[in-house]
Colleague: 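Structure incoming, see below.
Throughout, a chain's letter reflects where its sequence line sits, starting with A, and its residues are numbered from 1.
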Amino acid sequence: MSKHYWLFKAEPHIYGIDHLNAAPKKIGRWDGIRNYQARNFLRDQVAIDDEVFIYHSSCKNVGIVGTAKVVKTAYPDPTQFDPESDYYDPKSTQENPRWVSVDIQVTQTFPRIIPLAEIKAQPKLENMVLIKQSRLSTQPVTKAEWDYILKMV
DNA sequence: GCCAACGTTGGC
DNA sequence: GCCAACGTTGGC
């Protein structure tokens with residue numbers, strides 16, 4: 001099975017590349033995904049060693065900040081069971097969890113952010129899901145898009 | 001199953 | 001803070 005490429009969005013003040021880099025082995029849990037389309041990608045397609053762009057959204061400098069690889073595939077997102085969590089889902093049960101997490105490990109922290117504006121300005125990237133469907137928090141990236149963006153670093 | 005109302009995401 | 005896009009909820 002060939003490797004897949006992804007883009008995961010995060011609000012950096014809540015959980016971003018800085019948090020991952022500060023964690024042991026730079027590994028962290030990607031949790032709090034509460035959108036079915038995004039969940040389905042995580043649950044059904046994200047595999048070990050898949051590569052991920054980390055994207056910072058809803059902040060001053062929006063854009064891609066680095067890469068990570070998948071080190072653990074989908075398992076129930078523990079925050080859905082925690083009444084204290086912002087991501088608590090009372091309709092989710094241990095027997096039938098709705099939401100999943102994966103673990104990722106930072107592989108590269110770019111020396112600069114690749115701004116969304118620059119990505120939008122590239123004709124070769126005009127079909128990226130990031131551009132076409134702005135509200136999806138975990139999304140596939142093609143190999144061509146992946147390689148092209150790495151050259152923009 | 002339709003659709004209006006409402007809530008959230010996310011760029012600017 | 002504004003607002004467009006779009007996801008979710010709930011009445012019928």
Colleague: Starting at NZ of A/Lys60 and ending at P of C/dG1, how long is that distance when rounded to a whole Å?
Modeller: 17 Å

Colleague: Quick one: sort the A/Trp146 and A/Tyr5 rings into parallel, tilted or perpendicular, breaks at 30° and 60°.
Modeller: tilted

Colleague: Between atom NZ in A/Lys91 and atom C1' in C/dT9, what is the gap in whole Å?
Modeller: 8 Å

Colleague: Provide, to the nearest angstrom, the distance between the CZ atom belonging to A/Arg34 and the P atom belonging to C/dT9.
Modeller: 13 Å

Colleague: From CD of A/Glu11 over to C1' of B/dT9, roughly how many Å is that when rounded to an integer?
Modeller: 8 Å

Colleague: What is the distance from CG of A/Leu136 to P of B/dG10, rounded to the nearest Å?
Modeller: 8 Å

Colleague: Out of curiosity, A/Leu136 CG to A/Lys9 NZ, how far, rounded to the nearest 0.5 Å?
Modeller: 6.5 Å

Colleague: Picking from A/Arg29, A/Arg34, A/Arg39, what satisfies side-chain hydrogen bond (donor to acceptor under 3.5 Å, both in side chains) with A/Asp77?
Modeller: A/Arg34

Colleague: Can you check whether A/Lys9 has a side-chain N or O nearer than 4.0 Å to OP1 or OP2 of B/dT9?
Modeller: no

Colleague: If we only count heavy atoms from C-beta on, is the A/Ile149 to A/Ile64 side-chain gap below 4.5 Å?
Modeller: yes

Colleague: Side chain of A/Gln133 only, heavy atoms from C-beta on: which candidate in B/dG11, C/dG7, B/dG10 is closest?
Modeller: C/dG7

Colleague: Once you round it to whole Å, what is the distance between C1' of B/dC12 and CD of A/Glu118?
Modeller: 17 Å

Colleague: Would you classify A/Ser58 as touching base, sugar-phosphate or nothing, given that sugar-phosphate means primed atoms plus P, OP1 and OP2, and contacts are heavy atoms under 4.0 Å?
Modeller: base

Colleague: Roughly, in whole Å, what's the span from CZ in A/Arg135 to C1' in C/dG7?
Modeller: 6 Å

Colleague: When we call it a touch if two heavy atoms are under 4.0 Å apart, what does A/Lys120 touch: a base, just sugar-phosphate, or nothing?
Modeller: sugar-phosphate

Colleague: Compare the minimum distances between each of C/dG7, B/dG11, B/dG10 and the side chain of A/Ser137, then state the nucleotide with the smallest one.
Modeller: B/dG10

Colleague: Let me know the distance between CD1 of A/Ile131 and P of C/dA4, rounded to the nearest Å.
Modeller: 20 Å

Colleague: Any side-chain N or O of A/Tyr55 below 4.0 angstrom from OP1/OP2 of B/dT9?
Modeller: no

Colleague: Between the side chains of A/Gln37 and A/Gln139, does any donor sit under 3.5 Å from an acceptor?
Modeller: no

Colleague: Nearest to the side chain of A/Tyr36, which nucleotide is it out of C/dG7, B/dG11, C/dT8?
Modeller: C/dT8

